[in-house]
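Each remark here refers to the structure printed beneath this line.
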Amino acid sequence: MCFADVITEPDGTVTAYCYCGWVEYGHTPETADDAAESHQNSTK
């Protein structure tokens, strides 16, 4: 199981990431939360 989270970057964008190595840059707070939740609940 993955444990995804988000972090706000100095430029105001939000990065969604996971300890498994998955990362997505350039999100808003809302889209980052959605991406992290989707990754965390993924069966892949």
Side-chain angles (χ1 to χ4, degrees):
M1 175 160 178
C2 287
F3 297 100
D5 204 352
V6 299
I7 187 168
T8 302
E9 302 292 349
D11 66 358
T13 62
V14 181
T15 299
Y17 68 95
C18 184
Y19 298 104
C20 75
W22 170 84
V23 64
E24 288 186 1
Y25 301 99
H27 282 283
T28 65
E30 295 81 16
T31 63
D33 284 339
D34 290 343
E37 182 176 346
S38 177
H39 174 77
Q40 189 165 299
N41 293 324
S42 174
T43 58
K44 294 181 181 179

Ignoring hydrogens and angles, write down the donor-acceptor pairs under 3.5 Å from the side chains of residues 9-18, residues two or more places apart or on other chains.
residue	atom	partner	partner atom	Å
Glu9	OE2	Thr15	OG1	2.7
Asp11	OD1	Thr13	N	3.0
Asp11	OD1	Thr13	OG1	2.7

On a heavy-atom basis, which atom in [X] and which in [Y] lie closest, and how many Å separate them?
X	Y	result
Val6	Ala36	CG1-CB, 4.1 Å
Phe3	Tyr19	O-CD1, 3.2 Å
Gln40	Ala4	OE1-N, 2.9 Å

Among residues at least two apart in sequence or on other chains, which ones pass side-chain contact (heavy atoms from CB on, under 4.5 Å) with Thr31?
His27, Thr28

